[in-house]
Enquirer: 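For reference, the structure I am asking about is given below.
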Amino acid sequence: NTFDYPFFNLANELTIRTSPDKKLKFYSWDTQTGGTMHIFSVIAQYKQADGTIKVVELNAPHLDELPSQNDFNIYEIHEVEAKNKTHYLTFGWGTHGGGHQFNIAQVFRIEKDLLIKDNSVLPNKRDLVITYLRSEKSELAYDSAKNEISYREFVEDKDSGFMKATGKKIMISLGGKKQADSTAYI
């Protein structure tokens, strides 16, 4: 049963994240084929209502000519209750070259024995993507007590073309709206 197997020997090659309720598991790994732009494979395993384990490939890097925002390592998963359903908020990291990296937040749910991507609890109803310089940190975080995502805001510098921190912290209430906090980072 691979769902419960810890894969200790692959710990340095494979990132494995399991939902708090133990119903959903993500496996992601760098295919080592993208040079500095890292191309990742991501597979999800989830438990159907009858306990059967289902496997789904979430991206198909072999079909991409260049890394895209589908190429990322899932490094965090949170269980979120929204709209009277259990949702799974995932955070991922990737890079698409040019000195930039990105974090991505996506939301999934299991319904009728299917794994469904459901960003309806995010304000814009789509993936949240934060692009920033490789020398920076986005500080993407989830606060379960507030049911809120927060991260540093970055905007493109028109002169250099690089993403630059604004000093603002963005907070997103899941199922709510986006707010900017004027508190500067030190």
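If you're wondering where the values come from, they're calculated on a predicted model, not measured in any experiment.
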Enquirer: When you look at Q45 and T2, which way does the side chain to side chain contact (heavy atoms under 4.5 Å, CB included) test go after all the steps?
Expert: CA-CA 9 Å; Q45 272 187 317; T2 59; 2.6 Å; yes
Enquirer: Closest approach of E76 and H78, non-hydrogen atoms and distance?
Expert: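 Looks like OE1-NE2, 2.6 Å.
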Enquirer: Does a side-chain heavy-atom distance below 4.5 Å link D4 with K22?
Expert: no
Enquirer: Are I43 and L58 packed together at the side-chain level, in the sense that at least one heavy-atom pair is separated by less than 4.5 angstrom?
Expert: no
Enquirer: Quick one: do E139 and K137 make a salt bridge, cutoff under 4.0 Å?
Expert: no
Enquirer: Tell me, do Q106 and F72 make a side-chain contact under 4.5 Å, heavy atoms counted?
Expert: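 Yes, side chains in contact.
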Enquirer: Sequence neighbours left out, what passes side-chain contact (heavy atoms from CB on, under 4.5 Å) with K47? Give chain and number order.
Expert: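 Partners of K47 by the side-chain contact (heavy atoms from CB on, under 4.5 Å) criterion, ordered by chain and then number, come out as F3, I53.
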Enquirer: Considering residues at least two apart in sequence or located in another chain, which fulfil the side chain to side chain donor-acceptor pair (under 3.5 Å) criterion with S150?
Expert: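 Testing S150 for side chain to side chain donor-acceptor pair (under 3.5 Å), a comparison that skips the adjacent residues, returns none.
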Enquirer: Let me see the working for L133 and H100 under side chain to side chain contact (heavy atoms under 4.5 Å, CB included), right down to the final yes or no.
Expert: CA-CA 4 Å; L133 282 174; H100 287 108; 4.1 Å; yes
Enquirer: Report yes or no: do F162 and I130 belong to one cluster of Ile/Leu/Val/Met/Phe/Trp/Tyr joined by side chain heavy-atom distances under 4.5 Å?
Expert: no
Enquirer: Using only heavy-atom distances, determine whether the side chains of R134 and T95 contain a donor-acceptor pair under 3.5 Å.
Expert: yes
Enquirer: Got V107 and V80 here, is their nearest side-chain heavy-atom distance under 4.5 Å?
Expert: no
Enquirer: Linking I/L/V/M/F/W/Y whenever any side-chain heavy atoms sit under 4.5 Å apart, do V121 and L114 land together?
Expert: no
Enquirer: Can you confirm whether more than 12 heavy atoms, excluding those of N84, are under 6.0 Å from its CG atom?
Expert: no
Enquirer: Can E79 and S19 be counted as having a side-chain donor-acceptor contact under 3.5 angstrom?
Expert: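 Judged by distance alone, the side chains do not pair up.
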Enquirer: Could you check whether any side-chain heavy atom of N103 comes within less than 4.5 Å of a side-chain heavy atom of Y132, counting everything from C-beta outward?
Expert: yes
Enquirer: State, with a plain yes or no, whether a side-chain heavy atom of I77 is found less than 4.5 Å away from one of T18.
Expert: no
Enquirer: Using a 4.5 Å cut-off on heavy atoms from C-beta on, say whether the side chain of T166 contacts that of F154.
Expert: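 SC-SC contact between F154 and T166 ruled out.
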Enquirer: If we ignore hydrogens and angles and just use 3.5 Å, is the side chain of D143 paired with the main-chain N or O of K146 as donor and acceptor?
Expert: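 Such a contact is found between D143 side chain and K146 backbone.
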Enquirer: Atom CD1 in I110, atom NE2 in H87: separation rounded to 0.5 Å?
Expert: 11.5 Å
Enquirer: Testing the basics here: between A165 and R152, what is the closest heavy-atom pair and its distance to 0.1 Å?
Expert: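 What the structure gives for the nearest pair is CB-NH2, 3.2 Å.
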Enquirer: Taking NZ, NE, NH1 and NH2 as the nitrogens, is one of them in D118 or K83 under 4.0 Å from a carboxylate oxygen of the other?
Expert: no
Enquirer: Got a donor-acceptor contact below 3.5 angstrom from the N124 side chain to the R126 backbone?
Expert: no
Enquirer: Determine, stepwise, if the pair L174 / L89 fulfils side chain to side chain contact (heavy atoms under 4.5 Å, CB included).
Expert: CA-CA 10 Å; L174 294 182; L89 170 66; 4.3 Å; yes
Enquirer: Classify the ring geometry between F108 and F26 as parallel (under 30°), tilted (30 to 60°) or perpendicular (over 60°).
Expert: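 F108 and F26: tilted rings.
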Enquirer: Taking atom NZ as the centre, does K158 end up with more than 12 heavy-atom neighbours from other residues, nucleotides or ligands that are less than 6.0 angstrom away?
Expert: no
Enquirer: Should the ring pair W93 and F40 be called parallel, tilted or perpendicular, given that the plane angle runs from 0 to 90° and is split at 30 and 60?
Expert: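 Taking F40 first and then W93, their aromatic rings stand perpendicular (interplane angle over 60°).
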Enquirer: Nearest 0.5 Å, please: how far is CG in L128 from CD1 in I149?
Expert: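 Output value for this atom pair is 6.0 Å.
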Enquirer: Hey, could you give me the CD1/CD distance between I170 and E148, rounded to the nearest 0.5 Å?
Expert: 11.0 Å
Enquirer: Give a yes or no on whether a salt bridge exists between K164 and E136, defined as a side-chain N under 4.0 angstrom from a carboxylate O.
Expert: no
Enquirer: Under the side chain to side chain contact (heavy atoms under 4.5 Å, CB included) criterion, do E153 and K169 qualify, and how do the steps go?
Expert: CA-CA 6 Å; E153 181 182 57; K169 183 176 186 178; over 6 Å; no
Enquirer: Is the closest side-chain donor-acceptor distance between E81 and T86 under 3.5 Å?
Expert: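 There is such a pair between these side chains.
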Enquirer: Give the ring-plane orientation class for F7 versus Y27, where under 30° counts as parallel, over 60° as perpendicular and anything between as tilted.
Expert: perpendicular
Enquirer: Side chains of L115 and L24: closer than 4.5 Å at any heavy-atom pair?
Expert: yes
Enquirer: Regarding D30 and N73, do their side chains bring together a donor and an acceptor under 3.5 Å, going by distance alone?
Expert: no
Enquirer: Not counting sequence neighbours, which residues clear side chain to side chain donor-acceptor pair (under 3.5 Å) with D157? List them please.
Expert: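 S160.
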Enquirer: Any idea which heavy atoms bring Y46 and D113 closest together, and the distance?
Expert: OH-O, 3.0 Å
Enquirer: Among the clusters formed by ILVMFWY side chains lying less than 4.5 Å apart, do W29 and I74 turn up in the same one?
Expert: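 Per the 4.5 Å side-chain linkage, W29 and I74 are not co-clustered.
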Enquirer: Is it true that the side chains of D21 and Y88 contain a donor and an acceptor less than 3.5 Å apart?
Expert: yes
Enquirer: Which heavy atom of Y5 sits nearest to which heavy atom of K25, and what is that distance?
Expert: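 Of all heavy-atom pairs spanning Y5 and K25, the closest is O-NZ, 3.6 Å.
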